[in-house]
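We name chains A, B, ... by the order of the sequence lines, and we start the count at 1 in each one. We use all heavy atoms of the structure for the numbers below, so side chains are in, but hydrogens, waters and symmetry mates are not.
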Amino acid sequence: MDVFFYIAASIAILSTIMAISGRNAIHSLMFLILSLLAISVVFYLLDAPFVAALEVIIYAGAIMVLFIFVTMMLNIGLEKKQEKRWLNPRMWILPSILAAILLADLILALRNMPPVVAGKQVILPKQIGISLFTTYLLAVEIAAILLMAGVIGAYHLGSQKKKVLHRFLLKKQN
Amino acid sequence: MLTVPVETQIVFAGILFLLGLIGLLVRRNLVFMLMSIEIMFNSAGLVFIIAARQWNQPDGQVMFIFILAVTAVEVAIGLALILQVYHHFKTLDVDAINKLRDEK
């Protein structure tokens with residue numbers, strides 16, 4: 001089992017290095033998604049399958065899609081050149097190889113997973129939910145308030161009307 | 001059963017955190033800086049998961065869910081701010097936007 005951990009960890013570190021050192025934001029984001037998927041495999045190997053699923057759904061699925069939308073909104077007009085560069089195999093061959101290795105790693109790990117040992121059992125989502133809504137109920141409500149504030153703030157900052165710029169960014173009017 | 005020593009797992013999380021920190025300090029593009037912050041949040045969550053496995057308690061995974069909520073809010077606000085900065089300054093370089101007010 002250990003070798004699966006080391007492979008996934010190496011892919012995570014390698015793709016994170018590629019993500020922070022790339023010149024093109026979209027390519028870096030693709031490497032970052034690959035890094036998150038690798039970390040998700042690590043979570044699975046660390047007996048946390050629920051968190052591994054959350055990592056894929058929320059991080060790689062929702063947050064990274066936000067990033068990609070914003071990056072594409074900011075780079076409008078470069079599409080044709082970018083598309084030509086994407087068709088260059090050198091751009092996508094490394095991420096594809098890394099993702100294929102990660103997939104093989106996950107499949108082999110799934111096949112070699114031993115049945116649940118009686119002594120040390122996997123923490124189930126049920127336990128997490130019970131803990132979340134009994135011990136950490138106050139923290140859940142604080143998180144709800146934070147999310148509410150985030151929604152209002154993002155709405156306020158994201159509105160396109162000229163008059164509603166954030167005060168840091170207010171243009172000197174006269 | 002995974003028998004990787006817990007020190008190795010922590011070192012892995014530490015390497016990821018350092019990579020995020022290096023990215024935050026080196027890159028001058030706002031999108032890349034936000035990405036680096038994401039990497040650091042993620043490695044912090046990884047440490048929580050490692051600890052949850054080490055003590056066989058669900059608390060670490062609960063903390064990861066909270067980190068997830070905080071990250072989602074941070075990204076939403078951060079990206080909205082990046083859009084505003086880009087509309088106003090037409091650049092994403094943080095060195096170009098280090099003035100708190102417009103020059104006369």
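For chain B, the option among Gly129(A), Gly22(A), Ala12(A), Ser35(A) with the highest count of heavy-atom pairs below 4.5 Å is Gly22(A). Comparing Ile63(A), Ile130(A), Leu124(A) by heavy-atom pairs within less than 4.5 Å of chain B, the highest count is held by Ile63(A). Between chain B and the options Tyr155(A), Phe5(A), Phe4(A), heavy-atom pairs under 4.5 Å are most frequent for Phe5(A). With chain B as the partner, the residue from Ser131(A), Ser28(A), Gly153(A) showing the most heavy-atom pairs under 4.5 Å is Ser28(A). Note: Thr71(B) leads Thr71(B), Leu24(B), Ile82(B) in heavy-atom pairs under 4.5 Å with chain A. Contacts with chain B were tallied for Val140(A), Ile142(A), Thr135(A); Val140(A) has the most, counting heavy-atom pairs under 4.5 Å. Comparing Ile15(B), Val31(B), Ile39(B), Leu68(B) by how many heavy-atom pairs each has under 4.5 Å with chain A, the most go to Leu68(B).
With sequence neighbours excluded, the residues forming a side chain to side chain donor-acceptor pair (under 3.5 Å) with Asp59(B) are Tyr136(A), listed by chain and number. The ring pair (Phe, Tyr, Trp, His ring centres under 6.0 Å) test applied to Phe67(A) returns no partner, not counting sequence neighbours.
If you measure heavy-atom distances from Tyr6(A) to chain B, the contacts under 4.5 Å come from the side chain alone. When heavy atoms are compared at a cutoff of 4.5 Å, Met63(B) approaches chain A solely by way of its side chain, counted from C-beta outward. For chain A, the nearby parts of Val70(B) are the backbone and the side chain; heavy atoms of each come within less than 4.5 Å. Proximity to chain A involves both the backbone and the side chain of Phe41(B), based on heavy atoms less than 4.5 angstrom apart. Proximity to chain B is limited to the side chain of Ala143(A), based on heavy atoms less than 4.5 angstrom apart. With a 4.5 angstrom heavy-atom cutoff, Ser21(A) touches chain B only via backbone atoms. In this structure, the portions of Leu29(A) lying under 4.5 Å from any heavy atom of chain B include both its backbone and its side chain. The part of Leu16(B) that comes within reach of chain A is its side chain, from C-beta onward, which places non-hydrogen atoms under 4.5 angstrom from that chain. Glu74(B) does not touch chain A: none of its heavy atoms, backbone or side chain, sits under 4.5 Å away.
Interatomic distance, CD of Gln84(B) versus NE2 of His156(A), reported as 8.0 Å (0.5 Å rounding). Note that CG of Asn42(B) is 8.0 Å distant from CG of Leu32(A), once rounded to the nearest 0.5 Å. Atom OG1 of Thr16(A) is separated from atom CD1 of Ile22(B) by 11.5 Å, given to the nearest 0.5 angstrom. Between the CZ atom in Phe31(A) and the CE atom in Met35(B) there is a gap of 10.5 Å [rounded to 0.5 Å].
In plain terms, the two heavy atoms of Val73(B) and Gly150(A) that are nearest each other are CG1-CA, 3.8 Å. Minimum interatomic distance between Ala154(A) and Ile77(B) (heavy atoms only, all atoms of both residues): N-CD1, 3.5 Å. For Phe32(B) against Ala19(A), the heavy-atom pair with the smallest separation is CE2-O, 3.7 Å. Counting all heavy atoms, side chain and backbone alike, Ser36(B) lies closest to Ile20(A) at OG-CG2, 4.2 Å. Closest of all the heavy-atom pairs between Asp2(A) and Val4(B) is OD1-N, 3.4 Å. The minimum heavy-atom distance linking Gln61(B) with Ala48(A) is given by the pair NE2-CB, 3.4 Å.
When the side chains of ILVMFWY residues are joined at heavy-atom separations under 4.5 Å, either directly or via intervening members, Ile152(A) and Leu81(B) end up in two distinct hydrophobic clusters. Ile11(A) is not connected to Ile107(A) by any chain of hydrophobic side-chain contacts under 4.5 Å among Ile, Leu, Val, Met, Phe, Trp and Tyr, and they are in different clusters. A single hydrophobic cluster is seen to contain both Phe133(A) and Ile128(A), as judged by linkage of ILVMFWY side chains at heavy-atom distances under 4.5 Å, directly or through other members. There is no path of hydrophobic side-chain contacts, each under 4.5 Å, that joins Val62(B) to Leu138(A). The hydrophobic clustering, which links ILVMFWY residues whose side-chain heavy atoms are closer than 4.5 Å, places Ile97(A) and Ile7(A) together.
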Next on the checklist: Determine whether Tyr86(B) and Val70(A) satisfy the following criterion, side chain to side chain contact (heavy atoms under 4.5 Å, CB included), listing intermediate values before the conclusion.
Outcome noted: CA-CA 11 Å; Tyr86(B) 189 75; Val70(A) 169; over 6 Å; no

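Leu83(B) places none of its side-chain heavy atoms less than 4.5 Å from the side chain of Leu157(A). Two residues are said to be in side-chain contact when any heavy atoms from C-beta on lie closer than 4.5 Å; Phe12(B) and Ile13(A) meet this criterion.
Contacts classified as side-chain hydrogen bond (donor to acceptor under 3.5 Å, both in side chains) and involving residues 137-150 of chain A (residues at least two apart or in different chains) are not found.
Between Phe64(B) and Tyr59(A), the two ring planes are tilted [angle within 30° to 60°].
Within residues 49-58 of chain A, the residues having any heavy atom under 4.5 Å from a heavy atom of chain B are, by residue number, Phe50(A), Val51(A), Leu54(A), Glu55(A), Ile58(A).
Between Ile49(B) and the choices Asp47(A), Val42(A), Ile39(A), Leu46(A), the side chain to side chain contact (heavy atoms under 4.5 Å, CB included) rule is met once, by Leu46(A).
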